[in-house]
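Working notes for the structure below.
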Amino acid sequence: MPLKTKAEKILKFITDKDYRFIISSVKGWKKNMPDDKFLKRMYKIHTGRELDLESPKTYTEKLQWLKLYDRREIYTTMVDKYAVKEYVANKIGSQYVIPLLGVWDRAEDIDFDKLPDRFVLKPTHDSGTLIICKDKNKLDIKETVKKLERFRKRNYFAQNREWPYKNVPHRIIAEKYMEDSEYKELRDYKFFTFGGEPKVLYIAQGRGSNNETVADFFDMDFNHLPFTIDHETAEVPPKKPENFELMKELARKLSEGTPQLRVDFYEVDGKVYFGEMTFFHCSGMEMFHPEEWDYTFGSFVTLPPKRREENK
């Protein structure tokens, strides 16, 4: 059951050492703990299993290995919500990039009068945090600025040790609001690529709404796959996106040269837009159901030579 009151959270923090470790990590209080020891502890908390970094076999284990030993400077650009726009435009074309409305070093610097009635705000160094504005007249600007500053100051690297985020500048961007007219939302089309080749598609529905997010997995022939990771599947599986083949080709180009990478797209009224690139789906801390798929995904990942020369 989710914790509802401050008193409940305080009591759990005092009595539950695993919860205390997670909260301490989010707050950045564990930032000086060695990365390998941190990941072993966090992995055990989330999965109930010991983390094998010497001979990893599962996908979730290999993601932890990659956090430690696959560190390339270009990865920082690839996860930076601002810098990645130019990177993607150069790789596949600017027509696939969601228009940028502004970028600021602090939330207090945003001139809301110059923004359109609908827009999206998000930090550049983080994952999963954003503010969707569908009507600026109803937006509480003071509360929005407060929330954005809290997002901006968060040390995302410290809580998950996802190295690509470590050196991303902490900024705020505004993007054009996007919505598909058929679904009245943005459906996420997330391609899991391995060695530059897309193998699995994850379709998320209901994000950014009051609905519960549901997610389904498909192979590259759009056959529905019988497993879940972090969400329930839809009662009625989603239909194949119109630009399925195009998105596969774009994912192939953007993931070239990586051991594994999740490349996300949106489809808006028949047009494809780039969403983001993620090196660690759910930070490699969510369980596959059934568990055998963790090993299947793991078999897709060929670990590279250890690369830590850019560990800053």
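In what follows, every heavy atom counts, from backbone to side chain, and hydrogens, waters and symmetry copies are set aside. If you read the sequence from its start, that first residue is 1, and numbering goes on from there.
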message = So does Glu292 get a backbone contact from the side chain of Thr296, meaning a donor-acceptor N/O pair under 3.5 Å?
response = yes

query = Quick one: OG on Ser25 to CD on Gln159, what's the gap to the nearest 0.5 Å?
reply = 8.0 Å

task = Please check if Ile45 and Val26 belong to a single hydrophobic cluster, counting links between Ile, Leu, Val, Met, Phe, Trp and Tyr side chain heavy atoms closer than 4.5 Å.
result = no

query = With a 4.5 Å heavy-atom cut-off, do Leu51 and Leu39 have their side chains touching?
reply = yes

key: Hphob cluster co-occupancy, Met220 + Met247, side-chain heavy atoms under 4.5 angstrom   = yes

note = Value for CD (Glu162) from CG (Leu63), rounded to nearest 0.5 Å, stands at 9.0 Å

ask   = According to the side-chain hydrogen bond (donor to acceptor under 3.5 Å, both in side chains) rule, which pairs have a member within residues 110-123, sequence neighbours left out?
value = Lys122-Glu175

message = Applying side-chain hydrogen bond (donor to acceptor under 3.5 Å, both in side chains) to Ser55 and Lys57, what does each step give before you reach the verdict?
response = CA-CA 6 Å; Ser55 183; Lys57 294 179 176 61; 3.3 Å; yes

ask   = What do you reckon, is CD of Glu108 surrounded by more than 12 foreign heavy atoms closer than 6.0 Å?
value = yes

query = If you measure only the distance, is there a donor-acceptor pair under 3.5 Å linking the side chains of Thr76 and Asn167?
reply = no

message = Using 0.5 Å steps for rounding, measure from the CD1 atom of Ile23 to the CD1 atom of Ile10.
response = 11.5 Å

Check: Tyr266 and Val272 side chains under 4.5 Å, non-hydrogen atoms = no

query = Between Thr278 (side chain) and His281 (backbone), is there a donor-acceptor pair under 3.5 Å?
reply = no

ask   = Between Tyr82 and Arg171, does any side-chain donor sit less than 3.5 Å from a side-chain acceptor?
value = no

request  = Taking all non-hydrogen atoms of both residues into account, name the closest pair between Asp80 and Ala83 and its distance.
outcome  = OD1-N, 3.2 Å

Anything under 3.5 Å between a donor and an acceptor, one on a side chain of residues 222-229, the other on a protein residue two or more places apart or in another chain? List them.
from: Asn223; atom 1: ND2; to: Asp219; atom 2: OD1; distance (Å): 3.4
from: Asn223; atom 1: ND2; to: Asp219; atom 2: OD2; distance (Å): 3.0
from: His224; atom 1: NE2; to: Asp216; atom 2: OD2; distance (Å): 2.7

query = Are Leu148 and Ile132 connected, step by step, through hydrophobic side chains (Ile, Leu, Val, Met, Phe, Trp, Tyr) whose heavy atoms are closer than 4.5 Å?
reply = no

ask   = Are any side-chain N or O atoms of Lys62 and backbone N or O atoms of Val301, one a donor and one an acceptor, separated by less than 3.5 Å?
value = yes

ask   = Shortest non-hydrogen contact from Asn243 to Gly270?
value = ND2-O, 2.9 Å

request  = Evaluate the salt bridge (Lys or Arg N to Asp or Glu O under 4.0 Å) criterion for residues Lys91 and Glu86: first the C-alpha distance (whole Å), next the side-chain angles of each, then the deciding distance (0.1 Å), finally the verdict.
outcome  = CA-CA 9 Å; Lys91 281 275 189 178; Glu86 181 179 359; over 6 Å; no

request  = Answer yes or no: is there a donor N or O on one side and an acceptor on the other, between the side chain of Ser283 and the main chain of Met285, under 3.5 Å?
outcome  = no

message = Take a 6.0 Å sphere around CD of Glu249 and say whether it holds more than 12 heavy atoms from other residues, nucleotides or ligands.
response = yes

task = Using the side-chain hydrogen bond (donor to acceptor under 3.5 Å, both in side chains) rule, take Asp126 and Thr129 through it: C-alpha gap first, then chi angles, then the decisive distance, then the call.
result = CA-CA 7 Å; Asp126 205 346; Thr129 52; 3.0 Å; yes

ask   = Does the side chain of Lys136 come within less than 4.5 Å of Pro116's, by heavy atoms?
value = no

message = Is any side-chain heavy atom of Phe274 closer than 4.5 Å to one of Asp264?
response = no

message = Is any side-chain heavy atom of Val200 closer than 4.5 Å to one of Phe191?
response = no

query = Which pair of non-hydrogen atoms, one from Gly284 and one from Thr60, has the smallest distance, and what is that distance?
reply = O-CB, 3.4 Å

Ser255 backbone acceptor or donor facing Thr258 side chain under 3.5 Å = yes

task = Output yes when a side-chain donor or acceptor of Asp180 lies under 3.5 Å from a complementary backbone atom of Glu182, and no otherwise.
result = yes

ask   = Going only through I, L, V, M, F, W and Y residues with side-chain contacts under 4.5 Å, is there a path from Leu303 to Phe194?
value = yes

key: NZ/NE/NH1/NH2 to OD/OE distance under 4.0 Å, Asp52 and Lys40   = no

ask   = Does a side-chain N-to-carboxylate-O contact under 4.0 Å join Arg152 and Asp105?
value = no

query = Judged by atom type as modelled, is there a donor-acceptor pair below 3.5 Å linking the side chain of Thr233 to the main-chain atoms of Val214?
reply = no

task = List the atom of Lys81, the atom of Ser127, and the distance in Å for their closest heavy-atom pair.
result = NZ-CA, 4.3 Å

ask   = Do the two ring centres, one from Phe217 and one from Tyr202, sit under 6.0 Å apart?
value = yes

ask   = Between Arg262 and Phe279, is NZ or CZ placed under 6.0 angstrom from the six-membered ring centre and within 45° of the ring axis?
value = no

inquiry  = I'd like to know if Glu149 and Arg154 make a salt bridge, using a cut-off of under 4.0 Å between side-chain N and carboxylate O.
reply    = no

ask   = Is there side-chain contact between Ile98 and Lys85, with at least one heavy-atom pair below 4.5 Å?
value = yes

key: Residue pair Tyr189, Tyr273: steps toward the ring pair (Phe, Tyr, Trp, His ring centres under 6.0 Å) verdict   = CA-CA 10 Å; Tyr189 298 99; Tyr273 292 92; over 10 Å; no

query = Hey, does Ile173 have a side-chain heavy atom less than 4.5 Å from the side chain of Leu121?
reply = no

request  = State whether Lys248 and Glu197 are salt-bridged, where the test is any N-O pair (Lys NZ or Arg NE/NH1/NH2 against Asp/Glu carboxylate O) under 4.0 Å.
outcome  = no

task = Measure the spacing between CG of Asp269 and CE of Met178 and express it to the nearest 0.5 Å.
result = 8.5 Å

inquiry  = Could you tell me if Glu179 and Tyr177 have a donor-acceptor pair between their side chains, going purely by distance under 3.5 Å?
reply    = yes

note = Output for pair (Met277 CE, Thr193 OG1), nearest 0.5 Å, gives 10.0 Å

For the student: nearest non-hydrogen atoms of Val79 and Pro164, plus distance = CG2-O, 3.5 Å

message = Checking Asp70 against Tyr75: is there a side-chain donor and acceptor pair closer than 3.5 Å?
response = yes

query = So, Glu185 and Arg187, do they make that salt bridge, N to O below 4.0 Å?
reply = yes

query = Are Asp36 and Lys67 close enough, and set up right, to give a salt bridge (Lys or Arg N to Asp or Glu O under 4.0 Å), and what steps lead you there?
reply = CA-CA 9 Å; Asp36 56 346; Lys67 288 179 185 180; over 6 Å; no

task = Compare all side-chain heavy atoms of Leu66 with those of Gln260 and state whether any distance is below 4.5 angstrom.
result = yes

query = For Phe300, is the NZ or CZ atom of Lys199 found under 6.0 angstrom from the centre of its six-membered ring and inside 45 degrees of the ring axis?
reply = yes

Approximate separation, where rounding is to 0.5 Å, of Trp65 CH2 and Thr58 OG1 = 14.0 Å

note = Looking only at heavy atoms, the pair that brings Pro123 and Ile172 closest together is CA-CD1, 4.0 Å

ask   = When clusters are formed by joining ILVMFWY residues with side-chain heavy atoms under 4.5 Å apart, either directly or through shared neighbours, do Ile110 and Val103 land in the same one?
value = no

